[in-house]
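Remarks on the structure that follows.
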2 protein chains.
Amino acid sequence: MRISREKVAENRERLIQVATDQFREHGIDGIGVADLMKEAGMSLGSFYGYFDSKEHLVSECCAHAVADVKEKITSAFSRSLTNPVEKTVDEYLSTAHRDELAKGCGLAALGSEFAHKTEAVHAAATPELISLFDEMARSLPGSSRKKKREQSIAMMASLMGGLILSRMTDDAKLSQDILEAVKSSVKSSVRAC
Amino acid sequence: MRISREKVAENRERLIQVATDQFREHGIDGIGVADLMKEAGMSLGSFYGYFDSKEHLVSECCAHAVADVKEKITSAFSRSLTNPVEKTVDEYLSTAHRDELAKGCGLAALGSEFAHKTEAVHAAATPELISLFDEMARSLPGSSRKKKREQSIAMMASLMGGLILSRMTDDAKLSQDILEAVKSSVKSSVRAC
DNA sequence: ATTATCTATAGATCTATAGATAATGC
DNA sequence: ATTATCTATAGATCTATAGATAATGC
């Protein structure tokens, strides 16, 4: 019951992918190692061949989740030629995104949990956050590089804040109002630049 | 070892207050009933005289936390006569607020956890959220009631999103950049109205 | 021979309950 | 007598490890 070295590297990647999805859906403390391994189709015991501890996995998944946001946002930016930013905002603040936790924005799914986690998690996420804002800034209109980075940060804060708020209620009307209000605010912020 | 009915009602309030602080600091899954009771100066067993379950307490604390945000924001609005909104924004996005989880904004401390919690939590938070946006709208400048409510929602999303982002990193410079970027963005949004 | 897997389990932690105790309030 | 407290513990869950098993790779 041993697998090849290629499979090992492959399994490790899949484990991070599966764990990231599960953390986004249930929260970091909302799912245990045993259930994660079951979801990945592996036994509990083999987990500790891949990671020293759950916290070690969490650090890697948090970095991976932020990198994932960067990939999704920049690919949404480059998907359309006309009004790419506005279309990205509409997609981000859609009910479809709101209702899809596992594959959605990791910042919105896990954001406030970061503050309660260890230094290791913050250290792992930091370079990915820096890279996220730099990459976003490239795709935004605006004068200076500095201004565009500020705009990226402010936009990301509004988007994730809006999505998080929309997920806090079971009132469909309120949730929709939140999405619409943030959408129009972010769009007019972009237009003002 | 029995206390008066007045003390019972008093203890219940204190328990909610202590639990709300602890949840904001450690996250909802980050602290157990035993430690909560120890923090409140009561024994574990007496908890279940006050609440059916931890989830029941969580629902009440989430509602309480949102009500608390409303109280803090509106009192900050009314604290100063000149530029009250800008001063509130500066306070909210200060390093002091960022570094004080237990007594800070409950939306920023717990926001993304709501999505992983039960219907009961959402139902408890909903009326408080509605009231929060209504109260904020009263204090904001703007034309129509509807516009002011939209502005309140968008502002709250930006503020909490910004604070959450600033708490995701251990890089002091990045964290400060986030606070400043969101500050200036929110302020120019307010000015545009 | 090495190494990654599996099952089984230790040990810690967490929610909730049982039963005894003692102060309140009719 | 009622009721809220306390200590002790049941039962579930979760992280991590031990030891046996079997496939890989020198």
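Here the structure is a predicted model, which is why all the values come from computation and not from measurement. A note on names: the letters A, B, ... follow the listed sequences, proteins ahead of strands, and every chain is numbered from 1.
- The base of C/dT21 has none of its N or O atoms less than 3.5 Å from a complementary donor or acceptor on the side chain of B/R2.
- Taking atom CE on A/M37 and atom C1' on C/dT7, their separation rounds to 14 Å, with Å as the unit.
- Atom C1' of nucleotide D/dA4 and atom CD of B/E10 are separated by 15 Å, given to the nearest angstrom.
- A salt bridge is absent between A/D134 and A/K148; no separation between the charged side-chain nitrogens and carboxylate oxygens falls under 4.0 Å.
- Look at CG on A/L15: it is 10 Å from P on C/dT5, rounded to the nearest Å.
- Legend: residues meeting side chain to side chain contact (heavy atoms under 4.5 Å, CB included) with B/S59, ordered by chain and number and at least two apart, are B/A120, B/V121, B/A124.
- Across the interface with DNA chain D, nearest-nucleotide mapping of A/G30 and A/G45 shows A/G30 to be the residue nearer the 5′ end.
- Look at CD on B/E6: it is 12 Å from P on C/dT24, rounded to the nearest Å.
- Distance, B/I3 CD1 to C/dT21 C1': 15 Å, rounded to whole Å.
- Proximity note for B/S43 (side chain, C-beta onward) versus D/dA4, C/dT15, D/dC6: the nearest is D/dC6.
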List the steps, then state whether side-chain contact (heavy atoms from CB on, under 4.5 Å) holds for A/F47 with A/L57. CA-CA 10 Å; A/F47 174 82; A/L57 171 70; 3.7 Å; yes
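- Across the protein-nucleic acid pair, B/F51 atom CZ and C/dT17 atom P stand 15 Å apart, rounded to whole Å.
- Between B/Y48 and C/dA16 there is a side-chain polar atom (N or O) within less than 4.0 angstrom of OP1 or OP2.
- Where DNA chain C pairs in unbroken runs of 3 or more (Watson-Crick or G-U, both distances under 3.5 Å), the stems are C:1-24 with D:1-24.
- Distances were taken from every side-chain heavy atom of B/M42 (C-beta onward) to each of C/dT7, D/dT5, D/dT15; the shortest belongs to D/dT5.
- Using modelled atom types and a 3.5 Å distance limit, the side chains of B/T169 and A/T126 yield a donor-acceptor pair.
- We find that A/E91 and A/R79 are joined by a salt bridge, their nearest charged nitrogen and carboxylate oxygen being less than 4.0 Å apart.
- Look at CG on B/L44: it is 14 Å from P on C/dA18, rounded to the nearest Å.
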As a quick check of understanding, evaluate side-chain contact (heavy atoms from CB on, under 4.5 Å) for B/E25 and B/I31, giving each step before the final call. CA-CA 9 Å; B/E25 185 163 359; B/I31 187 153; over 6 Å; no
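- Listed pair B/N11 / D/dT5 meets the phosphate criterion, a side-chain N or O lying under 4.0 Å from OP1 or OP2.
- In this pair, A/F114 and A/H122 present their aromatic rings parallel. The plane angle is below 30°, not in the 30 to 60° band.
- Of the two residues contacting DNA chain C, namely B/R5 and B/G32, the nearest-nucleotide position lying further toward the 5' end is that of B/G32.
- Rounded to whole Å, the distance from CG on B/D29 to P on D/dT15 is 12 Å.
- Between A/Y50 and C/dA4 there is no side-chain N or O to OP1 or OP2 distance below 4.0 Å.
- Using a 4.0 Å cut-off, no side-chain N or O of B/S46 falls inside it from OP1 or OP2 of D/dA4.
- Of the two residues contacting DNA chain C, namely B/S53 and B/S4, the nearest-nucleotide position lying further toward the 5' end is that of B/S53.
- Side-chain contact check for B/T118 and B/E55: at least one donor-acceptor pair (N or O, by modelled atom type) lies under 3.5 Å.
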